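Naming convention: chains lettered A, B, ... in sequence-line order (proteins, then strands); numbering from 1 in each chain. Owing to the predicted nature of the structure, the values given are computational and were not obtained by experimental measurement.
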Amino acid sequence: MADFQSPKGTRDFYPDQMALRRHVENIWRKASVDCGFDEIEGPTFEHLSLFTAKSGPGIVSELFSFRRAGGSDDYALRPEFTPTLARMAAARAGTLSVPTKWFAIPLHFRAERPQRGRLREFVQWNVDLLGSEGAAADCDVIACAALALERLGLKPTDVRFRLAHRGASAAVLTAAGVAGEHIGEAFELLDRRDKLSPEEFQTRAVKLGLDDAAQKRFAAIAGTKLPVSASMNDVAASLGVGADVLAPLAELSEKLNSLGLSDWCQWDFGIVRGLAYYTGTVFEVHECAGKERAIAGGGRYDGLVELFGGPKMPAIGFGMGDVVLGLVLADKGLLPKDGGQLLPRPDVFLISDGSDAAEKTLPKLVMQIRRAGLHARHSWKATKNVGKLLSDAGKCRARSALILGAEMAEGAVAIKDLDGGGQRVVPLEEVVATLLAMTGANTSTVSKHD
RNA sequence: GCGGUCGUAGCUCAGUAGGUAGAGCAUCGGGUUGUGAUCCUGAGGGUCGCGGGUUCAAAUCCCGUCGAUCGCCCCA
């Protein structure tokens, strides 16, 4: 056992785990690009004030913040990407096209107590659309998230987008008897309903000025989950409001239906999220059976860019972390148990029989093959046992083996197709061309997500 | 920040009337039969998470600490 342990809440990524991580990241990236988002990145650490500007001074205890020895500036490792995004958008606000569609796949750091689905260092996919209001923009980012989840192998029966709209929810609460000045507290109560005892819930409901009947309506609203394909009249009726106050939902519903996303989504009036920030649509992605924490969360935050010194610019986005997603995927059997299955396969594995001619030729041949753009490996073992060496080739899942043996006398080598099993003798000078022809056939059918 | 459970080789784990550690797999090597393999054989690798205490003697008992895990707080 080594003397050092990794810091609390961090992970070491050995090749197998790294392959799994890249698998997910590659699908995120491809989905983003396919949906028309451009990748950006910012610094891993920012001025501490950038984060307190958004989240208040209370956030500091949740951050890894630091000051350079001898310096006087306070920094913090980024706990989220949104402030960086907003800073970057504000700095170029005048020249950004509308809408601006950006995504990032950065590492984040939070000084929290690690738990299932929550670590101190994690990767979070961020997708944001700036400069455009309305349901079409909201649904554009939701569609991007859904596309990635679908490509990861998840189905609408596995995960669900739970959507709500701040404006619509506020109207519903008002209709239920919550006074205007208590809407904020009502959202908070909605958010925390599952964590409070019935007594505590009632105490707080009374403080909001709700009588018994209103409390019942409030609890009913919090538990309301309906398909987004339901008619607005039905939704309105079940919430006890007129259909007109649900206009924002009607727009969302129409767009989601036309994008073929209805199966992935449902209305959930218990969804509130980040009390201070969101201004319109809010959503979370959860495992359908309610296991695990939220896979992703996001919403509309129209005051965002302005908060960081830019012009007023509407914004909608979401974040999806790798930790909970990984748990859900593993639980559904959508990640190989052995991450090694996702490591890049060598196009060829070179084996020498140990003769002088073979030993001399092998390194030259390896370099020649690599220069041609192929993935070539060779054994580092001392054994001359061809069987053991072929076993090596099989372990790293090489597509073919190139055996430098007796055929060297005629200036030729044996190439064995490790997938098909066939073997043929090829003159040395034709090796590269032969391998290119073999792998050309392979790569054309395999590179789905590159 | 607060509680429950846990910590022996890279992995899965054995190892209690306390007597300074073992197996399988994996890794590395040798041999045999020229082809992903079989068989034979050898090696490396752990101050039992770390630090104290009790004891002639601690992987084992006690305390602390660090980490993992589950829950509470929080969750951008």
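Across G1(B) and A14(B), the matching P atoms stand 33 Å from one another, rounded to whole Å. Rounded to the nearest Å, the gap between the P atom of A57(B) and that of A43(B) is 34 Å. With C1' as the reference atom, G31(B) and G67(B) are 45 Å apart, rounded to whole Å. If you take atom C1' in G52(B) and the same atom in A58(B), they sit 13 Å apart, rounded to whole Å. Rounded to whole Å, the separation between the P atoms of U5(B) and C63(B) comes to 12 Å. The same atom, C1', is picked in C25(B) and in G64(B); the two are 37 Å apart, to the nearest Å. Using P as the reference atom, G30(B) and C11(B) are 27 Å apart when rounded to the nearest Å. Nucleotides U47(B) and G10(B) are separated by 9 Å at their P atoms, to the nearest Å.
Each of K8(A) and R293(A) has a nearest nucleotide on RNA chain B; the 5'-most of these lies closest to K8(A). Summary of the strand contacts: F109(A) and L119(A) both lie near RNA chain B, and taking for each the nucleotide with the nearest heavy atom, the more 5' one is attributed to L119(A).
Contacts of I351(A) with the nucleic acid, taken as non-hydrogen atoms under 4.0 Å apart, are absent. Residue contacts shown for G9(A) are limited to sugar-phosphate atoms, with no base heavy atom under 4.0 Å away. The residue R192(A) sits close only to the backbone: its heavy atoms come under 4.0 Å of sugar-phosphate atoms, none of a base.
Here the closest heavy-atom approach between residue P336(A) and residue Q341(A) is recorded as CB-CB, 4.2 Å. Between R399(A) and D417(A), the shortest heavy-atom contact is O-OD1, 3.7 Å.
A salt bridge between R118(A) and E112(A) is present, with a side-chain N of the basic residue lying under 4.0 Å from a carboxylate O of the acidic one. Salt-bridge check for E39(A) with R29(A): passed, with a basic side-chain N closer than 4.0 Å to an acidic carboxylate O.
For C70(B), the OP1/OP2 oxygens have a side-chain nitrogen or oxygen of R116(A) closer than 4.0 Å. The side chain of R110(A) contributes no N or O atom lying less than 4.0 Å from OP1 or OP2 of A76(B). For K384(A) and G30(B), the shortest distance from a side-chain N or O to OP1 or OP2 is not below 4.0 Å.
Using the six-membered ring where Trp is involved, W264(A) and F161(A) have ring planes that are perpendicular, over 60° apart on the 30 and 60° scheme.
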Worksheet entry | Structure string for RNA chain B in dot-bracket form, Watson-Crick and G-U at under 3.5 Å, | interchain | (((((((..((((........)))).(((((.(...).))))).....(((((.......))))))))))))....
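One atom, NZ of K381(A), and another, C1' of G31(B), lie 16 Å apart when rounded to the nearest Å. Distance, Q115(A) CD to C75(B) C1': 10 Å, rounded to whole Å. The distance between atom NZ of K291(A) and atom P of G71(B), rounded to the nearest whole Å, is 14 Å. The distance between atom CG of L304(A) and atom P of A76(B), rounded to the nearest whole Å, is 14 Å. We find that CG of L389(A) is positioned 13 Å from C1' of G29(B), with the value rounded to whole Å. For the pair E121(A) CD and C75(B) P, the computed distance is 22 Å after rounding to whole Å. Regarding R118(A), its CZ atom lies at a distance of 16 Å from the C1' atom of A68(B), rounded to whole Å. Distance CH2 (W380(A)) to P (G29(B)): 12 Å, rounded to an integer number of Å.
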Short N/O separations, protein against nucleotides 32-36 of chain B, under 3.5 angstrom:
residue	atom	partner	partner atom	Å
U32(B)	O4	N385(A)	ND2	2.4
U33(B)	O4	N385(A)	ND2	3.1
U35(B)	O2	Q423(A)	OE1	3.2
U35(B)	N3	Q423(A)	OE1	3.4
U35(B)	N3	Q423(A)	NE2	3.4
U35(B)	O4	Q423(A)	NE2	3.4
G36(B)	O6	L418(A)	O	2.9
G36(B)	N1	L418(A)	O	2.4

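At a threshold of 4.5 Å between non-hydrogen side-chain atoms, the residues L374(A) and L436(A) count as touching. R11(A) has its side chain within reach of D322(A): a pair of non-hydrogen atoms, C-beta onward, lies under 4.5 Å apart.
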Discussion item. Checking N26(A) against W28(A) for the side-chain contact (heavy atoms from CB on, under 4.5 Å) test, could you report, in this order, the C-alpha distance in whole Å, the side-chain angles of both residues, the deciding distance, and whether it holds?
Written reply: CA-CA 5 Å; N26(A) 288 341; W28(A) 283 345; over 6 Å; no
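A donor-acceptor contact under 3.5 angstrom links the side-chain atoms of R113(A) to the base of G3(B).
The line from OG1 of T52(A) to CG of L63(A) is 8.5 Å long, rounded to the nearest 0.5 Å.
Taking the ring centroids of F318(A) and W125(A), they lie under the 6.0 Å cut-off. Here F109(A) and F64(A) keep their ring centres 6.0 angstrom or further from each other.
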